[in-house]
Amino acid sequence: DLVFTLRESLKPQKNYVFYCQSCGDIIVKDRKFLRVLPLPSENWSALVEEWCCHPNPFARSTLHPQHGDCFLGDTFFLLNSGNESHKSKENTRVICKRCKTMLGETVSSDTIKYYVTEVIIRPSEGSFSPTQRSQFLQSMVAQCLVELSSAKTTFRFTVKGDNGKIYILIWLLNSDTLLVESLGSSSSHSVFTLFGDIFMPSSGPVGTWNAVKVLYQPCIKSRNKDLADAWENDIGVHPLKFPAETCLELLLILGLSTTSLPPSLRCMNSFQVRISCY
């Protein structure tokens, strides 16, 4: 597979190596997990109050992994830091020592949050092979959209940076699109290729890819501020949090993909259209 799917492939009692996706530097070496558990949604504590007839018994509880635990969130996973040390001077952002890319953030003195868009995980017995950044990023975000739309029956998302700002509004139209491209067909190439040959998987004379189709609105520099505020306060909209730099990368990918479509297919109801492979 192009991307190592955490929820399906990260298993207990196996050794894994964590690599920086940008430069390939080893972040965590030969870590064996005794438990791999999904985290509840970020609003789980508020939902408990609706179900309990007495004060929330979990009000002061925090979910921190112990040594040998891996907790999976919507866009991140939590590890016990152990002896690993990748903290920056601010003691909050986790930085790759080699390329200085932000990988995640420290949640507590013994817990590190790694974003799924910044780290590649491989079994210890496997080998690391670099993946084009744009290809990896769009695939991971598409996987998040597919999983969340299926698990939570939500189709609208805000993409927020670690600074709390909203960068993109995304509306998932469908997640069952299959793209078929013949390498000898110039017409399909001009319509569906994201950045030319560079960022599309190569699978012989005929390529097939699962894809999602989304509508999106950029929200940088106060664009679409009223709509962003409305979505942020809408319980039917699910937030996706990534590093701020990654949000800008994603916005660039979306914009370039839209321009590869025919002008008549680039907009729908004031939203811009995007097809993303995963």
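When all heavy atoms of Phe242 and Val159 are compared, the pair lying nearest together is CD1-CG1, 3.9 Å. Between Pro239 and Lys160, the closest heavy-atom pair is CB-CD, 4.1 Å. Across all their heavy atoms, Asn15 and Glu125 have their closest contact at O-OE1, 4.5 Å. When every heavy atom of Phe136 is checked against every heavy atom of Thr131, the shortest pair comes out as CB-CG2, 4.0 Å. Minimum interatomic distance between Thr154 and Leu148 (heavy atoms only, all atoms of both residues): CG2-O, 3.9 Å. Between Arg35 and Phe71, the closest heavy-atom pair is NH2-CZ, 4.2 Å.
With rounding to the nearest 0.5 angstrom, the CG atom of Asp229 is 7.0 Å from the CG atom of Asn233. Taking CG of Leu227 as the start and CG of Asp234 as the end, the distance is 10.0 Å to the nearest 0.5 Å. Atom SG of residue Cys70 and atom NZ of residue Lys32 lie 15.0 Å apart, to the nearest 0.5 angstrom. To the nearest 0.5 angstrom, Cys247 atom SG is 13.0 Å from Leu252 atom CG. Here the CD-CD distance, from Gln143 to Gln138, works out to 11.0 Å after rounding to the nearest 0.5 Å.
At least one side-chain heavy atom of Tyr19 sits less than 4.5 Å from a side-chain heavy atom of Val17. At least one side-chain heavy atom of Met102 sits less than 4.5 Å from a side-chain heavy atom of Pro243. Considering only heavy atoms from C-beta on, Leu34 stays 4.5 Å or farther from Pro12 through its side chain. For the pair Trp231 and Trp171, the minimum side-chain heavy-atom distance is below 4.5 Å. Two residues are said to be in side-chain contact when any heavy atoms from C-beta on lie closer than 4.5 Å; Thr111 and Ser108 meet this criterion. Two residues are said to be in side-chain contact when any heavy atoms from C-beta on lie closer than 4.5 Å; Ile220 and Leu251 meet this criterion. Annotation: side chain of Ser22 is not in contact with side chain of Cys96 (no heavy-atom distance under 4.5 Å). Taking 4.5 Å as the limit, every side-chain heavy atom of Gln272 sits out of range of all side-chain heavy atoms of Leu254.
For Thr75 (side chain) and Lys241 (main-chain N/O), a donor-acceptor pair under 3.5 Å exists by modelled atom type. The backbone N or O of Leu145 lies less than 3.5 Å from a partner atom in the side chain of Ser149, making a donor-acceptor pair. Looking at Asn80, its side chain does come within 3.5 Å of a backbone N or O of Pro65 through a donor-acceptor pair.
Between Asp74 and His238, the side chains place a donor N or O and an acceptor N or O closer than 3.5 Å (distance only, hydrogens not considered). Side-chain contact check for Ser124 and Asp30: at least one donor-acceptor pair (N or O, by modelled atom type) lies under 3.5 Å.
Checked against Phe77 for a side-chain contact (heavy atoms from CB on, under 4.5 Å), the options Val36, Leu10, Ile121, Ile112 give a single hit: Ile121. Of the options Lys97, Lys100, Arg98, a salt bridge (charged side-chain N to carboxylate O under 4.0 Å, His left out) to Asp25 is made by Arg98 and by none of the others.
Counting non-hydrogen atoms of neighbouring residues, nucleotides and ligands closer than 6.0 angstrom, the NE2 atom of His67 reaches no more than 12 such neighbours.
For the side chain to side chain donor-acceptor pair (under 3.5 Å) test, residues two or more places apart in sequence or in another chain that qualify with Glu118 are Arg133, Thr246. In this structure Tyr115 satisfies the side chain to side chain donor-acceptor pair (under 3.5 Å) test together with Glu105, sequence neighbours excluded.
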Quiz prompt | Check against side-chain contact (heavy atoms from CB on, under 4.5 Å), Leu39 and Leu72 | solution = CA-CA 6 Å; Leu39 287 168; Leu72 303 179; over 6 Å; no

Quiz item: Does the pair Lys113 and Phe76 meet the rule for a side-chain contact (heavy atoms from CB on, under 4.5 Å), with working shown?
Solution: CA-CA 6 Å; Lys113 173 195 290 186; Phe76 62 89; 3.6 Å; yes

Quiz item: Can you list the steps and then say if Thr177 with Asn210 is a side-chain contact (heavy atoms from CB on, under 4.5 Å)?
Solution: CA-CA 6 Å; Thr177 299; Asn210 293 319; over 6 Å; no

Quiz prompt | Derivation of the side-chain contact (heavy atoms from CB on, under 4.5 Å) call for His64 and Val107 | solution = CA-CA 9 Å; His64 294 311; Val107 177; 3.6 Å; yes

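Taking the six-membered ring where tryptophan is involved, the planes of Tyr114 and Phe18 are tilted, since the angle between them lies from 30° to 60°.
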Could you give the side-chain donor-acceptor pairs of residues 161-170 under 3.5 Å, partners two or more places apart or in another chain?
residue	atom	partner	partner atom	Å
Asp162	OD1	Ala244	N	2.7
Asp162	OD2	Arg93	NH1	3.0
Asn163	OD1	Lys165	N	3.1
Asn163	ND2	Tyr167	OH	2.9

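Under the 4.0 Å criterion applied to side-chain N and carboxylate O atoms, Lys152 and Glu147 are not assigned as salt-bridge partners.
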